[in-house]
Amino acid sequence: MNNKFDFTLEPGKKLIKRDYENKEEPIITVVMPFYNDKDYIEQAVICVLNQTFPLFELLIIDDGSTDEESLKKLREISSLDSRIKVYHKENEGLAATRDFGASKSSNSCKYLFFLDSDDLIEETYFECAYWTLETNPNASWAYGDLVGFEDREYTWNILFDSEKLKKENYLVATAMIRKKDFSEVNGYGLKEKAINEDWNFWLKMVSKGKFPVKTNYYTFWYRRKASGGELAKAEKNKKRTKEIISQAIKSINKKVYAIHYPKYDYNWETIEDNFENIIKIKESKNNKTNLLYIIPWMIMGGADQFNIDFVNGLDKEKFDVTIILTEPANNIGRQKFKDCTIYDLTTFLDIKYWIPFINYIIEKKNINIIMNSNSEIGYSYLPYFKQTYPNIPIIDYIHMEEWYYRNGGYSRDSSMVSSVIDLTMTCNGRSTNILKEHFKRNPNEVKTIYIGVDEKKFNPENYNKLELREKYEIPNDRFIVSYICRIANQKRPLLLMEVIKKYTEINQNVLFLIVGDGPMLWQMKKKVEEYKLENNIKFMGRFSETQIIYSISDATINCSIKEGLALTSYESLSMNVPVISSDVGGQKELINDEVGVIVDCIQDEKDINNYNYSDEEIDLYVKALTKVSKKLNYYSKNCRKRILDGFTIKHMIKNMNNILEEINKKPNKEKIESGKELQKYHELTRELIVKEYAQISPKYQYLCEEYKKEFGYIDNRFENFKIRMWNHKWYRGLVKFLKKIGVFGIIKKIFRR
């Protein structure tokens, strides 16, 4: 269960206009059964029309509707697009209706896609499923993770297991299926109604040795109605359902294994520029600047917040953004990106097909600019892209250099391929100077663009400090200092513990709020016990609404050994909260003597894992805390003005808009010539990518395993039990009662053990 998922962001709420130069025959038939469903069908149809892959036909099969308003709605829907066809027939139920729709599919169609008229799909479902089936030719169908919404809200991600399928109905009908495989098992082959026809169909597929590709992002929104829908109807036909399912199970004589993403099985195979099986499509040219943005993931950190602010802030009348993700992760921030198209390559493609897919996107979307930020793989692509598309300018954005990570991190990656990069942007002047002086970059090709903060969201006037302190049991008569970060070695949490120990010797009237989670949190808690600091430290855990933390704080503290320019510093100052920070990255470019204190960073960052800190550095933090506590009013009154004078998101977006427009109009002629010169070394640029693919193997496999452990690939017995039982009225009443008496959470934990 992902409690952070926003269930209000349903797809299909508005129709997106997509125009294409070429008009190919459909290769996907969408079969949508319809029965007296006037309330939901329009949104379902819009989800289909919004697909980023246009080569489909939508067959709406009216299964004998009797409601005149529903039929009227159906007539309205049919006029939305020439790809929509409506068929009417006598009422026979879902299974027979789907089979009827499949029989009407065009000869050009290679795939069938079943979508009920009240359910929804994400806009890239067809395109990603099409690519994954074309590149996995032995697989029979492709499906993704599920979102339950409306009456019940949950997320559902479970590995495919053919043995488990014999015992449990855990797959839904919505998937892309090879038409020839569907025909081979005679489709649904049932005339009866509400007898778990989906379950029976998948068992038939497995009995023939057919297996799926399981992609790992939320593609399908399953509407859970209070009435229980088809699942509830099937409960009434238990006896007949059991007979049919038992017969299907008996026909299975061997286990089949699915392809599950994310996965890594690359072995130095030569990559290709294009995948010939794919039908290429091309969007009509527009007057916009079409940006391809390559980033590793969409988890939530400072760099990731920049990505959200940057993409969402661009003027969508002038820019169209396509995002490519390159590292497996729990991308909880994906929903925060607005008005852009996202392809997480790790969720549906083998790594050897990534370049063909990106080439396909560059040509399909008429890309004008390629931008990379924090993607190691992305940097290995840039020479290849420049020689393939010499006229497309390339830019990148760097948040910091890291000497303890690949001796410079992304700054080194960028400098290694600087001959093909038109402009490198950094979030602080110190990093810009390091690129110029240490990495010998051309000063005209490096520029500082500060990331900024949303001053409306982080506004102290929106929060009542006294009320919030009372709510979170924070004493109002103490000096409150917050430490907000991922608790990891880069942030030096154990240095903070030494500082707190020493500072409390001179000021017991202080409370430190530790906000966040991470691998070193347990060590902090251990130090609290060892130093007996329980009265001076409160662990707040993860906190999505950090504005609340700033509003109840008097100051924030940052002990990092490495930063670019910490987003927490921007946010803190915007909330009128002074900052005490180590002198790393661009911190002192933001934090001056009027809004906080900069502390010398004495430890060498190469010694990041040495937790024996010098007394000198500890004392500097103690002095800084003392200084801020005594001059709190002076610092506080200057903080927000510092942000408004030049460090808001508006400033950042204005600068980024100007840079993108300028580069699109006047690409660097020297870089274009570099790209043309590189065309002599086409094989070399491909081999650089091959080498990168092989080198990242340990990291990529580790991220795949972490994904499986952290997110989704679990045997969620409790959620499964709830889904099966929710159709029973007595069960819903029991849940309501158990929640009322406060024991439902305890029972949930027991089930999940």
Side-chain angles (χ1 to χ4, degrees), residues 9-32 40-60 77-78 80-85 101 105-106 108-134 141-147 172-179 213 215 217-222 278-284 286 320-324 334-335 337-345 347-349 357 360-361 363-366:
L9 299 178
E10 299 171 13
K13 288 186 175 180
K14 65 177 181 178
L15 184 63
I16 301 170
K17 185 175 176 57
R18 303 186 195 275
D19 293 320
Y20 297 88
E21 290 183 1
N22 53 330
K23 304 295 182 182
E24 303 284 346
E25 291 294 312
I27 61 171
I28 301 168
T29 296
V30 184
V31 176
M32 182 178 291
Y40 302 115
I41 188 171
E42 185 170 0
Q43 190 176 3
V45 168
I46 288 174
C47 281
V48 174
L49 298 180
N50 283 351
Q51 290 298 299
T52 56
F53 188 76
L55 306 184
F56 63 82
E57 59 180 359
L58 171 55
L59 309 185
I60 303 176
I77 293 293
S78 65
L80 286 176
D81 194 282
S82 61
R83 291 168 293 183
I84 300 175
K85 298 176 185 177
S105 66
S106 298
S108 61
C109 286
K110 190 175 180 179
Y111 300 103
L112 299 172
F113 190 92
F114 296 103
L115 178 66
D116 290 349
S117 59
D118 56 350
D119 294 331
L120 312 173
I121 52 174
E122 293 293 337
E123 66 176 17
T124 60
Y125 197 158
F126 290 179
E127 198 160 29
C128 294
Y130 171 58
W131 268 84
T132 205
L133 285 173
E134 288 293 329
W141 78 93
Y143 72 102
D145 294 330
L146 175 151
V147 178
V172 293
T174 302
M176 188 175 289
I177 308 166
R178 289 190 196 277
K179 186 176 175 181
V213 179
T215 61
Y217 73 109
Y218 293 113
T219 55
F220 174 52
W221 289 62
Y222 182 31
I278 295 295
I279 297 176
K280 293 182 180 178
I281 52 180
K282 193 172 183 66
E283 291 186 5
S284 302
N286 51 38
D320 183 83
V321 183
T322 302
I323 300 177
I324 297 288
R334 183 165 178 160
Q335 286 187 297
F337 288 79
K338 310 297 182 186
D339 299 318
C340 63
T341 306
I342 301 168
Y343 299 99
D344 182 349
L345 302 186
T347 65
F348 68 99
L349 270 184
F357 182 81
Y360 158 88
I361 291 296
E363 293 167 14
K364 171 194 171 187
K365 299 286 293 183
N366 301 297

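Only heavy atoms go into these numbers, but all of them, side chains included; no hydrogens, no water, no symmetry mates.
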Next on the checklist: For the CD1 atom of I121 and the OG1 atom of T219, what is their distance to the nearest 0.5 Å?
Outcome noted: 8.5 Å
Checklist entry - For the side chain of Q51 and the backbone of F126, is there at least one donor-acceptor N/O pair under 3.5 Å apart? => result yes
Checklist entry - Do R334 and E122 meet the salt-bridge criterion of a basic N to acidic O distance under 4.0 Å? => result no
Checklist entry - Would you say K280 has more than 12 foreign heavy atoms packed within less than 6.0 Å of its NZ? => result no
Checklist entry - Could you go step by step and tell me if S105 and K179 meet the side chain to side chain donor-acceptor pair (under 3.5 Å) rule? => result CA-CA 9 Å; S105 66; K179 186 176 175 181; 2.8 Å; yes
Next on the checklist: Using only atom types and a distance under 3.5 Å, with no angle test, would you say the side chain of K14 pairs donor to acceptor with the backbone of P11?
Outcome noted: no
Checklist entry - Is there a donor-acceptor contact under 3.5 Å from the side chain of R18 to the main chain of N50? => result yes
Next on the checklist: Could you work out, with salt bridge (charged side-chain N to carboxylate O under 4.0 Å, His left out) as the rule, every residue matching K23, not counting sequence neighbours?
Outcome noted: none
Item to check | Test side chain to side chain contact (heavy atoms under 4.5 Å, CB included) applied to L345 and I324, step by step | outcome: CA-CA 7 Å; L345 302 186; I324 297 288; 3.6 Å; yes
Item to check | N286 CG to K365 NZ distance, which is reported to the nearest 0.5 Å | outcome: 8.0 Å
Next on the checklist: Under 6.0 Å between ring centres: does that hold for Y125 and F113?
Outcome noted: yes
Checklist entry - Hey, mind stepping through E25 and S106 against side chain to side chain contact (heavy atoms under 4.5 Å, CB included) and telling me if it holds? => result CA-CA 9 Å; E25 291 294 312; S106 298; 5.8 Å; no
Item to check | Sidechain-backbone polar pair: T174 side chain, L115 backbone, donor-acceptor under 3.5 Å | outcome: no
Next on the checklist: Check this for me: E21, atom CD, are more than 12 non-hydrogen atoms of other residues, nucleotides or ligands nearer than 6.0 Å?
Outcome noted: yes
Checklist entry - Y130 and I279: which non-hydrogen atoms are nearest, and at how many Å? => result OH-N, 3.0 Å
Next on the checklist: Between D81 and L58, is the side chain to side chain contact (heavy atoms under 4.5 Å, CB included) condition met? List the steps.
Outcome noted: CA-CA 9 Å; D81 194 282; L58 171 55; over 6 Å; no
Next on the checklist: Holding to side-chain hydrogen bond (donor to acceptor under 3.5 Å, both in side chains), I want the full list of residues that pass it with E127, two or more places apart in sequence or in another chain.
Outcome noted: T52, Y343, Y360, K364
Checklist entry - Going from CZ on F220 to CG on D145, what distance comes out if it is rounded to the nearest 0.5 angstrom? => result 12.0 Å
Checklist entry - Can I278 and W131 be said to form a side chain to side chain contact (heavy atoms under 4.5 Å, CB included), step by step? => result CA-CA 7 Å; I278 295 295; W131 268 84; 3.7 Å; yes
